[in-house]
Structure formats: C-alpha cells, structure tokens
2 protein chains.
Amino acid sequence: MSLSTAEKIIRVAEAQVRSGGYNAFSFREISKEIGIKSASIHYHFPTKADLGLALANRYTDRFTVYLNQIACDSEDLSTRLHQYIELFRHAIQHDKKMCLCGMLASEADVLPFPVQQAVKVFFEANLQWLELFVFADEPDPHAQAMLVLSCLEGALLVSKAMNDATAFDLAVNQLMFSFRKS
Amino acid sequence: MSLSTAEKIIRVAEAQVRSGGYNAFSFREISKEIGIKSASIHYHFPTKADLGLALANRYTDRFTVYLNQIACDSEDLSTRLHQYIELFRHAIQHDKKMCLCGMLASEADVLPFPVQQAVKVFFEANLQWLELFVFADEPDPHAQAMLVLSCLEGALLVSKAMNDATAFDLAVNQLMFSFRKS
DNA sequence: GTTCCACTACCTATCGGTAGGTAGGTAAAT
DNA sequence: ATTTACCTACCTACCGATAGGTAGTGGAAC
C-alpha cells in the first residue's frame, strides 16, 4: 500500500506528538523522515496549527469509529467497557505512547485555540459515549464516565513515568474490581 | 521576602513547564520574566537539563515534605487519603496547572535521562507512601495505590482538556464513593 | 584579592514560514 | 492536433526569530 504524502505527514507527526508533545514535533523532522523538503509540507498543511488540528481531528474520528463499532458489536455493558479499555491499552502496549489527545490536553495552555477545541471534542465524545453506552443504567453516569476516562488517561501517564506498561493493567484492573463489588 | 535568583528561576521555570511541558520553557522567557539576561541563568544552572532536573527534584522534595506531614498529623487512613487528594486538587484549582511530574511523565520519551529518572522517583515515592500509609491494611496495596495515583493524574489531565476544574472533583469523588462501598 | 554574580557579545543550530520556480499532468479552446 | 492555461506536488533558497550555550568582562561583597 502506498500512502499519500498528506497521510504520511500525519502519521509521522502523530507519532512525534504522542512522544514529546506539540512543541516536540517539527516540519523539518517530519520531512526528513518521509523524504521530502520541509517547505513541501506547507503545501499540504499551511501552518503548524493546521497540521496540529488535522492530527487531533483525525485521531478523534478514528476513535469514534471504534466506539461505534463497540456499541454495535456488543450489547453487554461490561463487555463494552472492557473493549473500550482495550483501545487505551493498545496505546501503551503496542505504540508505547500516550493517547494523542491526552498528550495535547496536558499542554492545553500553550496550544493554538483550534487545537485546544479539537482536544476538548475528543474528551466530550468519550464521556458522552461512556454515559450512553456503558453507564446509562447506573446512578450518576457522568461521574462514572469521568472516573473511567481519568483513570485510563492517568494510567497511561503513570506507565510512561515508570516506563512499565504493567502499571496500566494494575490500575485498570483495580478499577474494574471496584466496579464488580458495587 | 526577597528570593534568591536561583529560586526565582526555578519558580518561573516550574510554572512554564507545568503549562506547556519541557519543550515549552526557555532560558530567554525565564530571564525576561525575572529581569536578568538569559546568559546569567547558565551560571546557576549550566544546562537546560540541569535546570529540568533541579525542577523535578525540588518538586519531589516539597511533595515529600507534605506527605510526611500528612502521615504524622493524622492517624486515620481515610483522612490521610483525603489530605493526599487535596495536594492534587490544589494544583488544578489554585495553580490551574498540571502536576509538574505528571506533565513531564507524558513527555518521558524526549526528556534528558536524568530528568526521566527524577520523574520516576516522584511516582515511586507517591506509590510507596500510599501503600504504606493509606492502603497497608487492605488487600493489594500496590494496585490500590496505582489506581489512586492514576486517577488523580488523569483527573488533572481531563480537567485541563475540558478547561473545567470541577471535572477533577467529579472523578475523584466517584473514586472515593467506590472505596466507601467496599 | 578572591569569590560571587551578573553583564555584553557572540556562536551555531533550528524553528515556522515565505518567495519563486519547475516538471508533469489535465483539460478546455482553437 | 496543437496550443493555451491551469493545477498538483514538489523543489531551492532564504527570511526573521528563537533555541541553548560559551567566552570574556567587571563590579561588589567577603
């Protein structure tokens, strides 16, 4: 499969942002990696903010597709939650990286406003999905969703800090355990 | 009170890192803010990595002092946990910023190695304290500690994403609620 | 008189971004 | 069928700004 240049740019940029954040990715580094000149990237994405926005939007879009799949595939609320968790586990175990929007969220203060908004959309989409498709039948779905999302993003962060992906499982399994008892 | 220049540098640098991460703070910005030349900062901290390391170490030291105080002041495990949570709530509600080491953890891949290690020490210190002084009497203190730390760091991150400090309380209160039922 | 601390002046490397050009393809007008 | 015109997707060369970092100076304090 041969990817379009724009797609290559986005993939390399996403990897760089997920490793070091918005200020750690550069047109020059991307251009080196895919074998074009940095000026050529401006043809596809006029400014860095444009590329950052495209990154966040694409990430949310792909994530949303998975969320819809999960909701369609399984009726069982507990199964849905486990599959949801798998999405995050994949980030730390397969990519060994943070969630893109988790990474960007931590730097929200220094992000171009459109990127900030796009990151917020990702989190709103996640919360809404959890409320509707996992915690709808329980008391305070909003708080439950917030707890799960916080725990997952935080578990990724702690795993990065410890350089140990098993930290993610430890935290998340404990959360699941606390749900089982209630 | 008149602070030493080194102390001023550290304070301004910490604020900048907690807003935008390691790559978003610069000697020039710091120097402008405290009214000296950027070259003068190199006298106190020879390299950026040195300053970053000093930042992380001081943050951990100050945090550790609070942890010891909490352990001494209160015998009740639940009270200790609530006071521990207050440390994190202070970050998002008073400073409106991430935890310094939470911020750095997310960028671990692109950090100078000594800074990486210092960040890891912060997390290890937190986990150990939680295990010893909060969850010692419960089954699997390690997993419990990991859950609490993940949830707190994640709740800060989600609050930054949503630009809404109440998200932190929502997630954390829900976590406390799930503990009460067990 | 040495140590401390900040200065001036400068360096190299890199940043995001711009200007102008060009090879190759497409498509409509002549 | 050929010319004219425009488009895509890159290129080279360069801009001003900023990054971290260095060498050497000089005054004040001990």
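All values below were derived from every heavy atom in this structure, side-chain atoms included, with hydrogens, water molecules and symmetry-related copies excluded. Naming convention: chains lettered A, B, ... in sequence-line order (proteins, then strands); numbering from 1 in each chain.
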Checklist entry - Are any non-hydrogen side-chain atoms of B/Phe179 and B/Leu81 less than 4.5 angstrom apart? => result yes

Next on the checklist: Expressed as a whole number of angstroms, how long is the span from A/His42:NE2 to C/dG20:C1'?
Outcome noted: 15 Å

Next on the checklist: Could you tell me if A/Gln144 and A/Glu138 have a donor-acceptor pair between their side chains, going purely by distance under 3.5 Å?
Outcome noted: yes

Next on the checklist: Applying a 4.0 Å non-hydrogen cut-off, can you work out what B/Phe25 is touching in the nucleic acid: base, sugar-phosphate, or nothing?
Outcome noted: sugar-phosphate

Checklist entry - Within the distance-only criterion (no hydrogens, no angle test), does the side chain of A/Arg28 pair as donor or acceptor with the backbone N or O of A/Ser38 below 3.5 angstrom? => result no

Checklist entry - Just checking A/Thr5: base, sugar-phosphate only, or nothing, at a heavy-atom cut-off of under 4.0 Å? => result sugar-phosphate

Item to check | Close residues, residues 47-57 of chain B, relative to DNA chain D [heavy-atom separation under 4.0 Å] | outcome: B/Thr47, B/Lys48

Checklist entry - Between A/Phe63 and A/Tyr84, how do the two ring planes meet: parallel, tilted or perpendicular, split at 30° and 60°? => result perpendicular

Checklist entry - Are any side-chain N or O atoms of A/Ser178 and backbone N or O atoms of A/Leu175, one a donor and one an acceptor, separated by less than 3.5 Å? => result yes

Next on the checklist: What is the distance, to the nearest angstrom, from the CZ atom on B/Phe45 to the C1' atom on C/dA6?
Outcome noted: 15 Å

Next on the checklist: Taking any heavy-atom pair under 4.0 Å as a contact, classify A/Tyr43: base, sugar-phosphate, or nothing.
Outcome noted: base

Next on the checklist: Strictly below 4.0 Å: does B/His44 bring a side-chain N or O up to OP1 or OP2 of C/dA6?
Outcome noted: yes

Checklist entry - Between B/Ile36 (CD1) and C/dC7 (C1'), how many Å, whole number? => result 10 Å

Item to check | Whether A/His94 and A/His90 hold their rings parallel, tilted or perpendicular, with breakpoints at 30° and 60° | outcome: parallel

Next on the checklist: If we ignore hydrogens and angles and just use 3.5 Å, is the side chain of B/Lys8 paired with the main-chain N or O of B/Ile30 as donor and acceptor?
Outcome noted: no

Item to check | Contact nearer the 5' end of DNA chain D, comparing A/Lys37 with A/Arg28 | outcome: A/Lys37

Item to check | Positional range of nucleotides in DNA chain D within the contact set of chain A, heavy-atom, under 4.0 Å | outcome: D/dT8 to D/dA13

Next on the checklist: Count I, L, V, M, F, W, Y as connected when their side-chain heavy atoms are under 4.5 Å apart, and connections chain through other members. Are B/Leu132 and B/Leu147 then in the same cluster?
Outcome noted: yes

Checklist entry - Only one of B/Lys160, B/Arg11, B/Arg18 clears salt bridge (charged side-chain N to carboxylate O under 4.0 Å, His left out) with B/Asp95; which? => result B/Arg18

Next on the checklist: Just to be sure I understand the rule, does B/Ser40 reach a base, reach only the sugar-phosphate, or reach nothing, if contact means heavy atoms closer than 4.0 Å?
Outcome noted: base

